[in-house]
Amino acid sequence: MKNFLHQNFLHQITHNFLKQHDDRIGLTLEAIKDGFLDYLFFNRGTYPDQATDQDIYQALAMTIRDRLVQRWLHTYKKATMEKDTRVVIYLSAEYLMGPQLGHNIVNLGVREVVEKAMNDLGIDLQSVLDAEVEPGLANGGLGNVAASYLDGLSSLEVPAIGYGIRYEFGLFRQSFSNGWQIEETDKWLQFGFPWEIQQFDRAVEIKFGGSTQRVKDESGNEKVNWIPSEEIKGIPYDVFVPGYKVNTVNTLRLWKAEAIDSFNFQSFNVGDYYGAVDKKVSSENITKVLYPNDESIEGKILRLKQQYFFVSCALQDCVNFFLESGGNILDFHEKFVVQLNDTHPTIAIPELMRILVDEQGVAWDEAWHITQKTFGYTQHTLLPEALEKWPVGLLGQILPRHMEIIYDINYKFLNLAREHFPNHQEIIRTLSLIDETGEKYVRMANLACAGSFSINGVANLQTELLKSYTLKDFYSIFPEKFNNKTNGIAPRRWLMLINNRLTQLLDDTIGTGWEKDLDQLKSLEPFAENQDFVNKWKAVKKEIKNDLAQRIFEQQRVKVDPNSMFDILVKRIHEYKRQHLKVLHIISLYRKIKDNPNESYVPRTFIFGGKAAPGYRMAKLIIKLINSVAEVINNDSSINDLIKVVFIPNYNVRNSQWIYPAADLSEQISTAGKEASGTGNMKFSVNGALTVGTYDGANIEIREEVGSDNFFLFGLKADEVKSLKESGYNPYTYYQENESLRKAIDMINHGYFSPNERDLFRPLTDHLLYYDEYMVMADFTDYVRAQEEAEQLWSQSDAWAKASILNTARMGKFSSDRTVREYLRDIWKADAVEINIKDTLH
Ligand SMILES: *Cc1c(COP(=O)(O)O)cnc(C)c1O
């Protein structure tokens with residue numbers, strides 16, 4: 001087919017075809033209705049009156065997708081592939097994309113038209129959106145950052161490609177059985193994913209294992225050949241990433257592993273059919289499942305293979321289309337800047353060296369120059385013990401050539417380091433890419449620091465801690481590489497899409513300029529003094545809380561009062577995020593109400609959400625505790641429904657959209673110095689929640705922006721945590737000295753919440769009393785104080801509403817557009833390219 005017609009002639013035909021098919025790609029009411037009915041009949045094979053929710057979802061999704069294809073093709077061919085435009089490449093093992101239909105409707109700017117089209121057919125748009133299964137491509141925060149930056153790049157019209165893995169099974173789905181977390185496979189692709197296009201033509205081959213061989217090429221130069229023991233194919237699937245009300249639609253290119261041959265014919269011929277099929281299945285396992293984080297991945301061969309697999313696919317793809325478009329390989333770093341989202345894609349550094357030196361014949365020093373000019377590295381971790389490392393033996397077995405390259409890089413890097421630190425053997429040892437203290441490991445963060453021109457943290461405090469602590473020796477060698485890029489969130493998803501009610505109020509009050517420039521929310525500030533507006537604000541919040549209350553009742557049969565304070569803690573369950581601090585507060589409040597029933601109390605609804613990594617026992621015990629406490633409190637009629645506790649199962653983007661907008665109080669209570677940034681904190685605050693939080697991550701900057709009067713700060717600061725630990729921390733003394741804390745812990749220990757198994761929570765309480773790594777006990781008293789402060793403000797409902805308005809008004813800084821602009825200015829140095837879809841396709 002491809003050679004059948006002259007290329008120009010083909011383009012002309014396409015152009016004419018599109019001209020005649022405005023109905024297929026147009027954004028009018030009629031065009032969308034026609035497209036939808038067309039898909040329902042011809043694609044889903046059904047009549048409107050017999051269509052299932054899934055049929056309706058798929059038909060509308062295809063209709064919207066049609067509107068993206070032309071824009072996407074133009075962006076790809078006319079901007080990304082053009083030889084002279086600089087393209088941002090984002091490498092991330094995870095993308096928290098969230099449901100796509102609503103998001104793409106918002107970004108195309110057709111929400112009202114689509115709503116009307118559906119209404120005309122008697123269909124409620126929200127129930128169509130509810131039928132979507134969200135992509136299972138991420139654990140949480142780190143993936144949200146990746147997705148938000150792709151959205152920002154598209155909205156700023158900068159050509160970009162995100163590369164990642166097309167996991168067949170996402171993070172498990174969570175349900176509860178008797179209060180315990182149950183994990184089920186997330187078969188998110190089960191009904192098909194309408195937002196992708198398979199690109200079989202652009203498949204690449206990936207090697208693993210085997211050995212290397214030094215040979216001389218024709219001109220007598222030494223060259224290394226890698227003779228692998230296994231080869232597989234990477235098949236790309238392109239997902240559309242439309243910007244907000246622009247024509248740019250960038251690409252998220254996700255790779256699926258496939259066997260090169262469906263059958264190994266040799267085995268087949270000797271009759272080993274199952275052996276042959278086994279091999280196919282095992283190579284395809286590489287992209288089967290997303291690993292849950294918070295779990296030791298050390299030694300997980302499949303995880304390392306996943307990392308190398310997608311990174312190699314990505315770099316091969318970049319090299320291929322650069323060479324196809326006539327680029328010179330020595331200019332690779334002019335065409336691309338490649339951002340590493342944490343250490344997971346770090347193997348890209350030796351992989352680019354391998355491609356340049358072994359495949360393209362570039363000399364080592366020149367290749368290293370290109371490599372160092374290509375990569376930027378974003379570091380999300382503070383804990384030195386959480387930095388990723390791989391056993392040298394394992395890495396050498398799976399990637400023998402890369403192990404050699406890493407040693408060569410290390411040799412030269414340490415020579416450079418010795419110039420900075422002559423006679424500092426200890427520092428040289430910590431800088432080395434190889435950890436030699438016991439079993440040998442490759443330190444991925446060190447490799448990333450050595451091979452990148454930029455190293456950035458994700459909030460001010462974290463970047464400072466990286467410089468002074470986690471990466472301090474790298475900072476003294478390369479101070480110019482370090483910079484901070486405080487995280488941001490995509491306002492289209494995290495405000496406009498999930499909070500239509502508030503969006504309407506904002507649009508009616510200050511116009512729509514804030515949608516593209518979140519700083520314009522500032523003009524809301526004077527309205528905080530306007531009683532009429534304050535009343536409207538309260539009314540909108542009430543409706544949003546009603547929506548959530550209704551969903552909670554439908555799901556769990558628990559009645560919660562929309563007039564009560566919605567106090568919400570949703571995020572992955574982890575000891576450093578201290579869900580147990582919240583539980584202790586709830587128990588102490590419950591105890592207080594029972595002991596003093598005649599006092600007056602602020603009615604409160606405590607809402608939790610979050611998954612625990614399947615192998616993380618303490619986190620799973622915390623879930624069980626929350627559910628057990630909920631069971632007791634919600635069924636205790638003596639407290640007059642003053643407090644309720646709800647754990648919403650299967651926290652993901654889809655479920656979170658009902659939660660963030662409904663919050664009055666946002667819980668951000670990590671041990672100071674442990675949370676790099678957080679992004680949940682931003683989602684809450686921009687939707688008008690007040691934060692109770694520690695001096696940690698981006699909380700600090702949020703407080704700076706919204707004002708200390710509109711934020712409840714508590715707890716030890718990072719340096720206080722450190723010095724208390726060094727001076728000998730004894731959590732038991734807090735138990736002895738604080739009566740309400742003691743009572744709360746005693747209730748747990750006496751089996752109040754686990755009457756059939758009194759010692760059930762002992763591992764948790766013992767840990768708190770005698771070890772308490774995350775200093776829950778030390779922060780309890782001040783936490784209760786901050787909570788009481790919050791209750792006082794809550795009792796003056798206008799004052800609370802005013803603080804809520806100011807939170808939204810002052811959150812402009814945390815738009816991911818701002819973060820992306822900073823990345824562009826300081827690191828990526830790529831320009832916007834306006835996409836004109838009236839052009840003929842070329
Ligand atoms: C935003 C988000 C996160 C990250 O939340 P933090 O509070 O920053 O830890 C995790 N999971 C989901 C589903 C999210 O939407």
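Sequence positions, counted from 1, serve as the residue numbers for this chain. Order of listing sets the numbers, starting from 1, for every ligand and every atom in it.
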**Item:** Contact (N/O only, under 3.5 Å) between G141 and ligand 1
**Value:** no
**Fill in**
For K577, the ligand 1 atoms with a heavy-atom partner under 4.0 Å come out as 9 (O)
**Message:** What protein heavy atom lies closest to atom 5 (O) of ligand 1? Include the residue and the distance to one decimal.
**Reply:** G680 N, 3.7 Å
**Request:** Number the atoms of ligand 1 from 1 as they appear, then name those within less than 4.0 Å of a heavy atom of G678, with their elements.
**Result:** 8 (O)
**Complete:** Nearest non-hydrogen protein atom to atom 12 (C) of ligand 1, with distance, is Y651 CE2, 3.6 Å
**Prompt:** Going by heavy atoms, is R572 under 4.0 Å from ligand 1?
**Reply:** no
**Item:** Whether over 12 other heavy atoms sit under 6.0 Å from F553 CZ
**Value:** yes
**Asked** Quick one: nearest non-hydrogen protein atom to atom 10 (C) of ligand 1, plus distance?
**Response** G140 CA, 3.6 Å
**Message:** Give the atom numbers and elements of ligand 1 that come within less than 4.0 Å of a heavy atom of V653.
**Reply:** 13 (C)
**Prompt:** In terms of atom number and element, which parts of ligand 1 are under 4.0 angstrom from non-hydrogen atoms of N652?
**Reply:** 13 (C)
**Prompt:** Quick one: nearest non-hydrogen protein atom to atom 2 (C) of ligand 1, plus distance?
**Reply:** K683 NZ, 2.5 Å
**Message:** Yes or no: does I489 have any heavy atom under 4.0 Å from an atom of ligand 1?
**Reply:** no
**Message:** Would K467 and F482 count as a cation-pi pair here, with the cationic atom under 6.0 angstrom from the ring centre and within 45° of the axis?
**Reply:** no
**Message:** Taking the side chain as everything from C-beta on, heavy atoms only, tell me whether Q100 gets closer than 4.5 Å to P242.
**Reply:** no
**Item:** 4.5 Å side-chain heavy-atom contact, P649 and Q555
**Value:** yes
**Prompt:** Tell me, which protein residue and heavy-atom name are nearest atom 7 (O) of ligand 1, and how many Å apart are they?
**Reply:** K571 NZ, 2.7 Å
**Asked** Do W494 and ligand 1 have an N or O pair less than 3.5 Å apart?
**Response** no
